[in-house]
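Some notes on the structure that comes next.
Every number for a ligand or one of its atoms is a count from 1 in the order of the listing.
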Amino acid sequence: MGKRIVILGSSFGGLNTALHLRKLLGNGHSITVVSADPQFTFIPSLPWVVAGRREPSAIQCPVAPRLKRNGVEYVQDAITAVDPERQEAVGKNGVYPYDYLVAATGSELDFGAVSGLGPIKGHSQSIFNVEQALQARAALEKLLRAGSGTIVLGNAQGASCLGPVYEMALLIDALLRKRKARHKFKMALFTNEPHLGHFGVGGFGAMTRMLEDEFADREIECHLNSKISGITPDHVELENGVRFGNGFSLIVPAFFGSHAYMGIEGLANPRGFVLADDHLANPKYPNIYAVGVSLAIAPPAPTPVPVGVPKTGQMTDDMAKKAAYNISADIQNRPKIMGKDFSVTCIADGGNTAFFIGAAPLLPPRDWLIHKKSILFHYLKEGLEKYYMASVRYGLPLPTFPF
Ligand SMILES: Cc1cc2nc3c(=O)[nH]c(=O)nc-3n(C[C@H](O)[C@H](O)[C@H](O)COP(=O)(O)OP(=O)(O)OC[C@H]3O[C@@H](n4cnc5c(N)ncnc54)[C@H](O)[C@@H]3O)c2cc1C
């Protein structure tokens with residue numbers, strides 16, 4: 001009898017899992033994607049939206065047609081709870097019974113952890129969806145029109161998605177230099193990391209020195225091991241007493257996984273990230289898999305201020321393929337493969353240059369590590385964005401490149 005596979009989320013994790021599963025399983029099983037957002041967004045391009053280099057239409061398209069073309073059903077709904085005993089995911093509009101469940105719901109943003117944090121109830125900008133990016137773009141343009149002020153980019157205590165703040169600092173610096181206005185704005189970056197380029201994994205060799213040089217040359221003041229004590233309309237204040245003017249601030253919060261998984265003994269950690277074994281299956285409920293940001297990964301070593309482990313888009317695509325393989329292997333009685341042997345490839349754009357990082361495995365010591373700075377990586381990132389969007393829009397094979 002055919003199995004019912006329900007995938008929660010339709011971004012990098014959910015989309016890739018669904019398409020790979022359909023390829024591996026053929027047509028005898030039902031695959032349903034349930035997701036809150038009917039649009040696929042190429043999230044790595046959101047910093048370009050803030051900097052005015054992209055319009056949302058270039059990096060968004062409906063996801064359902066791509067899924068439908070590959071025999072995957074799409075339902076728009078927000079999941080509020082999962083009942084692993086009854087094998088049901090519960091949404092606002094319906095209940096989704098499953099034989100296999102894949103958690104690919106990314107993160108929820110913990111703006112409540114810091115007073116004044118976030119664009120809704122607080123006084124800082126954010127960058128996790130198109131609406132936030134457009135709001136940040138408007139706030140930045142407002143400051144630039146004002147002609148002078150302080151621009152603050154920061155990673156809050158517990159943050160794990162650390163790259164966008166580096167990218168935003170470099171992109172804004174490049175924008176200001178292009179307008180010959182850099183001398184009118186003070187720029188500061190603070191991060192929860194113990195050194196620049198730690199990225200929650202202990203760093204990437206001498207890349208730290210490369211970033212230190214880059215930020216020194218661009219005269220962007222950097223603060224490490226930072227904890228925010230509060231944000232007001234006028235100031236961003238750190239716990240060590242350092243205070244910045246709040247002309248424009250974009251601050252990345254810590255994540256929750258999902259409240260839908262929280263509090264289910266054995267399924268998720270206290271912050272709602274799904275626990276998984278080496279095959280990406282939950283140890284207590286082995287028919288539940290986790291991919292991408294939903295997956296719980298413990299920090300490799302403690303840091304003075306908590307820093308989470310990042311899960312990049314490329315890591316997410318890789319996990320999706322492995323989870324799909326392991327679900328198909330389970331159904332077809334084949335041996336499963338290792339799902340947690342992470343490596344990473346990433347391009348951080350800097351506006352007028354870019355940085356490539358490649359490392360295997362993800363955590364040091366490694367067999368392979370490369371970091372290079374070149375404008376060529378900027379063009380590579382643009383090309384990957386265009387190809388990725390074309391593949392979602394027109395059904396081309398999804399790429400397996402770094403981006
Ligand atoms: C600004 C920025 C820049 C980045 N740049 C890069 C980069 O250059 N390179 C790189 O490799 N990675 C980058 N990343 C990381 C990359 O975007 C993530 O790794 C990737 O988006 C993770 O995919 P995901 O599917 O796990 O989760 P997400 O992309 O967060 O998607 C979650 C999905 O689940 C859905 N969902 C959420 N909650 C629910 C619910 N309750 N019910 C139903 N559906 C739900 C959402 O609608 C969405 O479809 C960047 C991230 C950001 C924020």
Checklist entry - Does even one non-hydrogen atom of A104 get within less than 4.0 Å of ligand 1? => result yes
Checklist outcome for this item: One finds that the ligand 1 atoms under 4.0 Å from a non-hydrogen atom of F128 are 53 (C)
Checklist entry - With atoms numbered from 1 as shown, which atoms in ligand 1 lie under 4.0 angstrom from a non-hydrogen atom of C346? => result 9 (N)
Next on the checklist: Quick one about H195 and E193 (side-chain donor to acceptor, distance below 3.5 Å, no hydrogens or angles considered), yes or no?
Outcome noted: no
Item to check | Contacting atoms of ligand 1, where contact means under 4.0 angstrom from a heavy atom of G9 | outcome: 33 (C), 34 (O), 35 (C)
Item to check | Exercise: do N16 and D317 side chains pair donor with acceptor under 3.5 Å | outcome: yes
Checklist entry - Hey, does I79 come in under 3.5 Å of ligand 1, counting only N/O atoms on both sides? => result yes
Checklist entry - Would you say ligand 1 has an N or O under 3.5 Å from any N or O of I43? => result no
Checklist entry - Under a heavy-atom criterion of less than 4.0 Å, does T80 contact ligand 1? => result no
Checklist entry - Between S10 and S35, do the side chains contain an N or O donor and an N or O acceptor separated by less than 3.5 Å? => result yes
Checklist entry - Taking N or O atoms only and a 3.5 Å limit, does I127 qualify as a polar contact for ligand 1? => result no
Checklist outcome for this item: Here the atoms of ligand 1 under 4.0 Å from any heavy atom belonging to G106 are 27 (O), 30 (O), 32 (C)
Checklist entry - Purely on distance, is any nitrogen or oxygen of K381 under 3.5 Å from one on ligand 1? => result yes
Checklist entry - Would you say L8 touches ligand 1, if touching means a heavy atom closer than 4.0 Å? => result no
Item to check | ligand 1 to S294 polar contact by distance, N or O atoms, under 3.5 Å | outcome: no
Checklist entry - Do any N/O atoms on A78 end up under 3.5 angstrom from N/O atoms on ligand 1? => result no
Checklist entry - Which atoms of ligand 1 are found less than 4.0 Å from any heavy atom of K311? => result 18 (C), 19 (O)
Next on the checklist: What verdict does the salt bridge (Lys or Arg N to Asp or Glu O under 4.0 Å) test give for D278 and K336, after you've listed the backbone C-alpha separation in whole Å, the side-chain angles of each residue and the deciding distance to 0.1 Å?
Outcome noted: CA-CA 10 Å; D278 284 348; K336 293 184 184 181; over 6 Å; no
Next on the checklist: Angle between ring planes, F40 versus F12, binned at 30° and 60°: parallel, tilted or perpendicular?
Outcome noted: perpendicular
Checklist outcome for this item: So for A36 against ligand 1, with non-hydrogen atoms under 4.0 Å, the contacting part is both
Item to check | Side chains of S229 and E239, donor plus acceptor under 3.5 Å | outcome: no
Next on the checklist: Check this for me - ligand 1, S10, N or O atoms closer than 3.5 angstrom, yes or no?
Outcome noted: yes
Checklist entry - Would you say S107 and ligand 1 have an N/O pair spaced under 3.5 Å apart? => result no
Checklist entry - Closer than 4.0 angstrom: is that true for some heavy atom of V252 and an atom of ligand 1? => result no
Checklist entry - Side chains of Y74 and T32: is there a donor and an acceptor less than 3.5 Å apart? => result no
Next on the checklist: Taking 4.0 angstrom as the limit and counting only heavy atoms of G292, give me the atoms of ligand 1 inside it, by number and element.
Outcome noted: 26 (O)
Next on the checklist: Ignoring hydrogens and geometry beyond distance, is a side-chain donor-acceptor pair present between S328 and R334 at under 3.5 Å?
Outcome noted: yes
Next on the checklist: Is there a polar contact, in the sense of an N or O pair closer than 3.5 Å, between L46 and ligand 1?
Outcome noted: no
Next on the checklist: Regarding ligand 1, does T312 bring an N or O atom to under 3.5 Å of one of the ligand's N or O atoms?
Outcome noted: yes
Next on the checklist: Within the 4.0 Å heavy-atom shell around D77, which atoms of ligand 1 are there?
Outcome noted: 42 (N), 43 (C)
Checklist entry - Is the backbone of N246 close enough, under 3.5 Å, to the side chain of D234 for a donor and an acceptor to pair up by distance? => result no
Checklist entry - How far apart are the C-alpha atoms of R54 and E385, what are their side-chain angles, what is the distance that settles it, and do they pass the salt bridge (Lys or Arg N to Asp or Glu O under 4.0 Å) test? => result CA-CA 11 Å; R54 280 293 179 286; E385 170 213 70; 2.8 Å; yes
Next on the checklist: Ignoring hydrogens and geometry beyond distance, is a side-chain donor-acceptor pair present between E85 and Y285 at under 3.5 Å?
Outcome noted: yes
Checklist entry - Which of these passes side chain to side chain contact (heavy atoms under 4.5 Å, CB included) with L101: V34, N287, V274, V82? => result V82
Next on the checklist: When you measure from the centre of the six-membered ring of Y289, is the NZ or CZ of K322 closer than 6.0 Å and no more than 45° off the axis?
Outcome noted: no
Item to check | Element-labelled atoms of ligand 1 that are located less than 4.0 Å from some non-hydrogen atom of P164 | outcome: 1 (C), 2 (C), 3 (C), 52 (C)
Checklist outcome for this item: Looking only at non-hydrogen atoms, the one of V63, V75, T316 nearest atom 22 (C) of ligand 1 is T316
Checklist entry - What pairs of residues pass the ring-ring contact (aromatic ring centres under 6.0 Å, His included) test when at least one of them lies in residues 293-329, not counting sequence neighbours? => result none
Checklist entry - Any idea which of G313, A103, A348 brings a heavy atom closest to atom 16 (C) of ligand 1? => result G313
Item to check | Under-4.0 Å salt bridge between D349 and K381 | outcome: no
